[in-house]
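I have placed the structure first, in the form of structure tokens, so that the comments after it can refer back to it.
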Amino acid sequence: QVQLVESGGGLVQPGGSLRLSCAASGSINAMGWYRQAPGKQRELVASISSGVGTYYVDSVKGRFTISRDSAKNTLYLQMNSLKPEDTAVYYCHMFFPAAWGQGTQVTVSS
């Protein structure tokens with residue numbers, strides 16, 4: 001089973017930036033970033049795959065960029081112009097075989 005380890009979360013002021021990383025113990029393919037805010041359901045934020053390309057939920061379009069480095073087995077999420085409503089635990093996900101990271105907290109607050 002592939003192990004996924006996220007890093008890069010933290011506290012940032014509104015308008016700031018963060019880059020999340022997800023290091024995989026094996027080869028990566030179709031991957032995604034999800035987030036879950038307190039009291040809310042987990043939602044797909046962005047995904048990337050060779051066949052489909054990239055997907056972004058409307059609320060992050062133009063601000064977030066998903067990318068991957070297959071040579072390093074690492075997935076990234078560049079988050080710019082962060083807003084308080086982006087505050088959540090962010091999870092890395094591999095679609096097949098299914099695997100989840102442990103999550104990393106992102107807090108956007110002044």
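Note that the structure is predicted; figures quoted are calculated from it, not measured.
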Quiz item: Ile66 pairs by side-chain contact (heavy atoms from CB on, under 4.5 Å) with which of Val45, Val60, Ile48?
Solution: Ile48
Quiz prompt | Test applied, side-chain contact (heavy atoms from CB on, under 4.5 Å); reference residue, Leu18; option that passes from Val108, Val12, Leu11 | solution = Val12
Quiz item: If you measure from CG on Leu77 to SG on Cys22, what distance do you get to the nearest 0.5 Å?
Solution: 10.5 Å
Shortest non-hydrogen contact between [X] and [Y], atoms and distance:
X	Y	answer
Glu6	Gly103	OE1-N, 2.9 Å
Gly26	Asn73	O-CG, 3.1 Å
Leu4	Ala99	CD1-O, 3.5 Å
Val2	Met94	CG1-CE, 4.1 Å

Are [X] and [Y] packed together at the side-chain level, in the sense that at least one heavy-atom pair is separated by less than 4.5 angstrom?
X	Y	value
Tyr76	Thr65	no
Ser67	Gln78	no
Gln105	Thr87	yes
Ser27	Ser70	no
Leu20	Thr104	yes
Phe95	Ser49	no

Exercise. Please step through side-chain contact (heavy atoms from CB on, under 4.5 Å) for the pair Val106 and Met79, ending with a clear verdict.
Key: CA-CA 10 Å; Val106 171; Met79 305 185 294; 3.9 Å; yes
Quiz item: Any chance the rings of Trp33 and Phe64 have centres within less than 6.0 Å?
Solution: no
Exercise. Check the pair Arg68, Ser50 against side-chain hydrogen bond (donor to acceptor under 3.5 Å, both in side chains), reporting the backbone distance first and the verdict last.
Key: CA-CA 11 Å; Arg68 62 186 177 185; Ser50 298; 2.8 Å; yes
Quiz item: Do the numbers put Arg42 on top of the ring of Tyr91, so that NZ or CZ is under 6.0 Å from the six-membered ring centre and no more than 45° off the axis?
Solution: yes
Self-check item: salt bridge (Lys or Arg N to Asp or Glu O under 4.0 Å) pairs, two or more places apart, involving residues 23-39
Solution: Arg35-Glu43, Arg35-Asp86
Quiz item: Judged by modelled atom types alone, do Ser17 and Asn80 share a side-chain donor-acceptor pair under 3.5 Å?
Solution: yes
Quiz item: Is the number of heavy atoms from other residues, nucleotides or ligands within 6.0 Å of CD (Gln41) greater than 12?
Solution: no
Practice problem: Check whether Val5 and Met31 end up in the same hydrophobic cluster, where Ile, Leu, Val, Met, Phe, Trp and Tyr are linked by side-chain heavy atoms less than 4.5 Å apart. | Solution: no
